[in-house]
Protein chains: 2
Amino acid sequence: MATLKDLSKHLDLSVTQVSRALNDHADVSEDTKKRVTKAARELGYTANISARKLKSGRSGIVAMVVAAEEEREMPDVLLAGVIGLSAELSKRGMQFVLHVTTDGDDPVATHRKLCGSGLIDGFLIVNPAPNDARIGLLRSLGVPFAVHGRDADQPDYPYFDVDNHALGFKLTEHLLSLGHRRIALIDGPAHAVFAIRRAAGFQAAYAVAGVEPAQGRVLNVEMTAQKGEEAVATLFEVGGDRPTALIAGNTMIATGIYTALAKRGLSIPDDVSVVAHDDGLPRVPIQDFRPSLTATTSPLADAWGPIADALATRLTPPDRECRQVIVTPELSVRASSATC
Amino acid sequence: MATLKDLSKHLDLSVTQVSRALNDHADVSEDTKKRVTKAARELGYTANISARKLKSGRSGIVAMVVAAEEEREMPDVLLAGVIGLSAELSKRGMQFVLHVTTDGDDPVATHRKLCGSGLIDGFLIVNPAPNDARIGLLRSLGVPFAVHGRDADQPDYPYFDVDNHALGFKLTEHLLSLGHRRIALIDGPAHAVFAIRRAAGFQAAYAVAGVEPAQGRVLNVEMTAQKGEEAVATLFEVGGDRPTALIAGNTMIATGIYTALAKRGLSIPDDVSVVAHDDGLPRVPIQDFRPSLTATTSPLADAWGPIADALATRLTPPDRECRQVIVTPELSVRASSATC
DNA sequence: TCACCAATCCGAAACGTTTCGGGAAATCTT
DNA sequence: AAGATTTCCCGAAACGTTTCGGATTGGTGA
């Protein structure tokens with residue numbers, strides 16, 4: 001592989017000047033910049049990232065640590081994240097290290113080790129828990145990171161999040177306005193912040209409508225069709241107090257709900273109204289639902305670009321900008337929700 | 001972060017000796033080795049990988065490049081691969097870099113660039129094409145790599161592969177022995193070596209049985225339930241020459257076949273026999289099929305360990321062993337296949 | 001007593017890059 | 001025409017590790 005020294009010999013310039021030319025510094029003439037970049041292309045020069053990192057501290061590599069069990073919990077979402085983030089980072093000339101921890105070993109320890117290994121510029125975190133330990137560690141170590149979601153209301157780090165409170169509120173408010181009172185929210189695991197916020201929005205909608213909130217129920221499950229089906233089973237086996245409307249945390253759960261209700265001979269929306277949040281997962285497109293599904297929409301795919309940007313700007317001195325984005329999804333009313 | 005120099009000061013030893021102690025060299029006393037490792041643990045020392053790579057050429061990082069469109073084609077398989085490989089490499093103290101190329105840019109160029117970036121020890125390649133260009137590049141560059149599958153009969157590189165010819169042969173032979181003559185193989189994309197080999201095994205079974213091979217059909221599709229369903233539609237719409245038996249390339253395709261036949265009111269195995277190859281994908285467990293599915297089985301999960309080993313041994317001088325493994329799956333006859 | 005050997009240790013150089021502190025020549029000010 | 005400024009350039013040091021070639025012991029056999 002060609003090195004700076006090779007280039008400098010070939011061009012009869014100092015190594016210094018070649019380096020500065022390639023990094024587009026001010027005090028090198030336009031002419032030499034052209035010559036240098038041309039020669040670099042011809043000789044197939046690529047900067048040695050190890051050497052760069054060693055000297056300057058920048059490698060352009062960011063990492064994400066995911067637990068294998070977490071992968072199993074929400075495979076589609078994580079897959080979308082891995083692909084989306086990796087692609088967006090590649091576009092920005094950065095590289096993406098995915099580190100899967102096997103069952104049993106601690107993600108926080110893994111972060112600590114990776115920090116010490118001296119080749120990673122920053123981290124990406126998805127699906128934070130309340131008061132997330134990984135975030136705590138990275139903050140205390142002063143290592144840059146960006147988060148999909150957030151573990152507090154006013155975080156001091158860059159993130160991209162959906163307004164999950166508003167999302168829960170809108171879906172619930174819609175159903176309440178149609179006259180529903182016994183509504184069940186079937187959403188992701190209770191240890192996920194997004195589910196907690198959505199549940200809060202759900203409660204808030206009851207409060208604003210002046211309806212006794214005890215009539216609402218929240219079920220926390222893994223976000224798969226299978227679990228959605230089981231949740232419906234739980235809700236409808238238990239005698240008289242059946243819900244008249246269901247809210248699904250994503251379209252996979254909604255799929256499960258649709259099949260479970262069909263199995264029971266209950267029709268949508270005549271017997272039960274169903275609404276959902278749509279992440280835009282390619283595997284379960286919302287157009288495929290019959291009857292068409294009333295839903296809030298905010299594609300996961302929209303998140304990866306901003307998150308990559310947030311981390312990239314965070315990494316570039318001297319400003320170390322802290323970019324924070326919250327998007328509020330719109331509600332689209334379709335055929336799956338009707339008056340009670 | 002603590003460095004070797006910090007340790008050497010703290011222990012009143014030379015940097016050299018600390019390094020040699022940590023790397024378990026022969027000419028350092030057992031006593032100092034103990035002292036050094038203890039101090040390293042206490043001070044939280046982690047070797048700086050950039051520096052190590054720069055000097056010694058070893059970083060412990062291996063990369064895999066996947067194209068985004070390929071991800072879309074076989075999401076479950078690729079996800080399983082990413083998780084499995086990452087986990088297995090982590091176990092061996094190595095790290096796994098996943099690089100997703102966005103639509104349009106060339107995977108081969110990406111490999112070349114990564115080779116030049118000076119931080120990757122070797123590559124993993126999955127799902128090779130016949131005469132794979134990535135393999136050609138890495139070979140010519142002398143960069144170590146290991147392959148899941150193989151692009152030739154007797155490759156000169158480390159790999160782990162299923163005997164896809166035998167697999168296609170066994171499934172077809174089974175159906176032929178039950179009296180079936182019009183058999184359709186619905187398998188992965190025509191540009192994948194595994195599908196080509198299976199098709200060859202399919203043809204070979206016809207030849208050995210002395211049956212006119214023109215009665216068999218091979219369909220190449222993306223390996224999803226959706227595409228499996230569509231394939232059945234193609235096969236059964238076209239008038240009189242319907243197949244009496246179907247072979248599915250994996251359990252996702254088999255799922256599609258089951259639903260498509262059910263929709264048409266065709267029963268398994270009375271009207272149509274169905275057999276499949278089972279990759280052990282967690283999403284579509286073979287136990288869930290009704291009637292139970294006759295299949296060859298070889299879990300993808302069994303591949304990642306051997307592949308990680310193959311690459312790891314390949315990377316360790318001086319021997320640079322070339323480990324090559326082929327497994328032959330067994331056929332389990334169940335309820336989905338019967339006499340014609 | 002002396003050379004010799006094994007067992008431990010160490011200094012210094014090197015990997016390829018960035019960056020600090022200057023320096024020479026050309027151009028501009030007065 | 002002398003100083004000030006701009007423009008372009010360079011040498012050398014440093015990042016943290018590994019490794020080469022030797023150096024220092026204490027002990028052994030002649």
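Everything quoted here is computed from the prediction, not taken from an experiment.
Residues forming a side chain to side chain donor-acceptor pair (under 3.5 Å) with Asp27(B) (at least two apart in sequence, or on another chain): Arg20(B). Listed by chain and number, the residues in a side chain to side chain donor-acceptor pair (under 3.5 Å) with Tyr157(A) are Asp151(A) (sequence neighbours excluded). A search for salt bridge (Lys or Arg N to Asp or Glu O under 4.0 Å) contacts involving Arg150(A) returns Asp161(A), not counting sequence neighbours.
Summary for the helix from dT1(C)-dA30(D) to dT30(C)-dA1(D): the axes at its two ends, each from 5 pairs, differ by 50° when rounded to the nearest 10 degrees.
For residues 110-122 of chain B, every residue pair satisfying the salt bridge (Lys or Arg N to Asp or Glu O under 4.0 Å) rule, not counting sequence neighbours, is listed here: Lys53(B)-Asp121(B).
Checked against a 6.0 Å centroid threshold, the rings of Tyr159(A) and His148(A) do not count as neighbours.
Residues Ser90(B) and His99(A) bring a donor and an acceptor atom of their side chains to less than 3.5 Å of each other.
Side-chain contact between Leu22(A) and Val36(A): present, with at least one pair of heavy atoms (C-beta onward) separated by less than 4.5 Å.
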Under 4.0 Å protein heavy-atom contacts per nucleotide of nucleotides 9-22 of chain C, with B for base, S for backbone only and - for none: BBBB-BBBBBB---

